[in-house]
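When a ligand or atom number is given, it counts from 1 through the structure's own listing order.
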Amino acid sequence: MTKHWKPLVALAAISWAAAPAHAESLTLASPDGRITVTVSDDKGQATYTVAYEGKQVIAPSKLGMLFADHHGFERGLAITASIRTAKDTTWEQPWGERRLVRDQHNELAVTFKPADGPDRQMTVRFRAFDTGVGFRYELPEQAALQGDVAITEELTQFGVGEQTTMWYTPSDEFNRYEYLTRVAPAGKVDDAHTPATFRNEDGIYFSIHEAALVDYAAMSLDQLRPGNFESKLRGWSGGPKVKTRTGFTSPWRTIQVAANAVGLINSDIILNLNEPNKLGDVSWVEPGKYVGIWWAMHIRDRSWGRDQIHGATTEETKRYIDFAARHGFAGVLVEGWNIGWDGDWYNNGDLFRFTEPMPDFDLEELGRYARSKGVRLIGHHETSANITNYENQMEAAFDLYEKVGVRQVKTGYVADAGDAVRIDANGVRHYEWHDSQFMVRHHLKVVQEAAKRQISINAHEPVKDTGLRRTYPNWLAREGARGMEYNAWGTPPNPPEHEAMLAFTRMLSGPMDFTPGIFDLRPNERPPLREDMPRGDPSNRPETTLAKQLALYVVLYSPVQMAADLPENYEARPDAFQFIKDVEADWEESIALAGEIGDYVAIARQGRKSKEWFLGAVTDEEARDLSLPLDFLAKGRKYRAQIYRDGPDADWKTNPYAMVIEEKVVTGGDAFAARMAAGGGFAVRFIPVK
Ligand code: NOJ
């Protein structure tokens with residue numbers, strides 16, 4: 001994060017020392033004392049260690065940074081100053097998993113100076129929360145570090161232990177973040193995106209990620225020695241890793257720590273390490289549920305391009321608007337309405353025209369029609385990662401959407417990793433990574449340009465989330481993992497364990513536009529609509545029961561939740577559809593109740609508007625009995641529980657539609673028990689009895 005340095009004015013305990021001959025070691029503890037981080041300059045190396053209840057989580061691991069044309073910070077380092085502060089405040093989210101977020105932490109800022117080379121200093125600021133640790137580098141303006149600075153390496157290491165179990169996706173393969181979660185001993189993993197999740201031999205769970213990724217390259221984990229990862233920054237084509245100026249700060253490196261798996265979900269560290277809202281009044285940012293001309297393309301009922309089955313026609317869009325209005329959905333996403341989709345759009349990103357509709361699509365009329373029905377169109381900017389082509393048209397494109405009443409735009413960056421097109425001032429073409437500083441800058445540019453017009457963004461094929469929704473609350477959601485679309489055409493489709501993996505991995509970074517709610521669970525078995533457009537592989541299908549599709553609205557958090565299936569499939573199952581109509585997308589409170597990584601997870605959330613509670617649980621390929629205390633419900637109050645659970649003989653493979661819908665009266669003193677079928681789950685709505 002580039003930030004101009006101001007001296008810290010705070011109530012603080014400051015200690016100064018001349019470069020000591022002996023090693024210095026400073027310890028910072030979380031407010032509850034369970035997590036400690038110890039910082040040292042032993043043997044002239046800056047290191048940190050993290051422990052949980054006295055047991056090591058991160059072994060002594062190196063800190064430091066190297067530059068192209070300046071002396072770096074690696075060897076001969078000594079701690080020369082340290083400042084301790086503490087904070088305990090509560091702030092309010094305009095939308096989110098919970099309204100009130102407590103930021104309680106102890107802080108230690110440690111300044112290191114090297115013995116050799118010109119006089120210079122680097123501060124590493126640590127914050128210890130009850131749910132983990134964050135630290136970042138701060139390089140103030142100084143004589144030895146002036147003007148433009150090119151970072152060639154960040155030397156941060158994470159000694160996690162060779163035998164520690166690691167859940168991760170690979171960071172250097174073509175499909176960006178869209179891989180099934182892999183599990184292996186950490187010592188056997190070459191490279192990984194963050195968040196990466198771990199359980200060590202002491203049974204301690206932890207997750208490594210970053211917060212507040214602004215004007216810097218994203219960090220991935222690169223195996224240095226077995227069980228010891230180094231932070232790898234995604235460089236520019238032609239180098240370096242990061243282009244910045246003094247003084248600057250890096251994003252926060254985060255290590256969440258918990259005694260159990262759900263403890264990782266019940267943490268606000270990432271948001272707490274981001275800057276407060278910079279947009280002021282954001283009452284125009286609207287979380288909510290939407291439908292759209294979307295799944296029809298993925299199951300080949302319709303196409304994005306201009307042919308006989310073009311999806312985004314005026315008539316078809318009106319059908320979706322009418323459906324949305326009938327059932328209370330706020331938005332209708334329309335993909336494939338603008339010029340550029342014909343032919344090979346994956347490779348022809350420079351053909352996209354973001355202000356030119358196809359002849360069979362009347363954007364202005366549809367904007368008006370939608371508003372007359374109390375619905376809004378949701379815009380789409382697929383760029384195929386031709387960034388320069390998009391940026392050249394971006395302002396006009398948002399102006400147009402603003403004019404027709406669009407309040408939310410889904411962006412898309414379909415291209416292989418490392419193939420985002422940047423055309424420089426001389427017209428020379430370069431290829432950049434989706435998680436490079438170039439793309440980090442681009443995404444923020446989009447979000448800021450959209451905010452000027454009160455438009456919110458939902459980015460697909462994005463850079464990973466690092467909590468910037470706190471600073472820019474119009475950045476509603478992202479994709480950045482395998483979503484529902486893989487069940488239409490993915491090889492393989494998402495297996496039954498997928499969502500129970502996501503909850504403990506990808507979802508730790510922030511909301512995901514997963515697009516749940518598929519009701520026709522064998523979409524590729526239907527006869528094709530056109531002979532020259534056969535459906536996908538019939539074995540490609542959501543590997544879930546119907547009840548699990550409903551549970552996903554509670555389990556996988558997003559402030560924008562799609563009802564992804566076709567209108568006719570919902571109207572054929574009004575009983576199950578009722579849950580999607582009732583569930584909220586914005587929460588007063590969220591509590592992860594139980595779960596194990598990749599096995600199962602149960603989450604309760606209280607609706608921000610209705611104050612009703614919702615409970616969702618999903619399992620993997622194993623059927624499971626779950627009994628959960630309802631002590632999150634208000635004491636002494638009765639609730640009508642509307643239950644959607646797997647039928648006794650349900651099974652994702654053989655009998656996915658078997659579902660029991662029933663109602664019971666419960667109180668917070670009860671437990672809720674239900675059996676989840678293989679690939680199943682349940683969803684419950686708790687309505688307070690007046
Ligand atoms: C991939 C996105 O994830 C999907 O939602 C979208 O329909 C296509 N790209 C086309 O933009």
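- Put simply, the side chain of Asp586 never gets that close to the backbone of Trp95: no donor and acceptor are under 3.5 Å apart.
- Evaluation of the side chain to side chain contact (heavy atoms under 4.5 Å, CB included) rule for Thr505 yields Trp167, Thr181, Thr197 as partners, not counting sequence neighbours.
- Aromatic ring centres of His193 and Tyr179: separated by at least 6.0 Å.
- Counting non-hydrogen atoms of neighbouring residues, nucleotides and ligands closer than 6.0 angstrom, the NZ atom of Lys403 reaches no more than 12 such neighbours.
- Within the 4.5 Å cutoff, no side-chain heavy atoms of Leu556 are placed close to those of Met512.
- Protein residues having at least one heavy atom under 4.0 Å from any atom of ligand 1 are Trp294, His298, Trp304, Glu335, Trp341, Trp345, His380, Glu382, Lys410, Val414, His460, Glu461, Glu479, Glu485, listed by chain and number.
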| message | Could you go through Phe398 and Val446, starting from their C-alpha distance and side-chain angles, then the distance that decides it, and tell me whether this counts as side chain to side chain contact (heavy atoms under 4.5 Å, CB included)? | response | CA-CA 9 Å; Phe398 282 129; Val446 172; 3.8 Å; yes
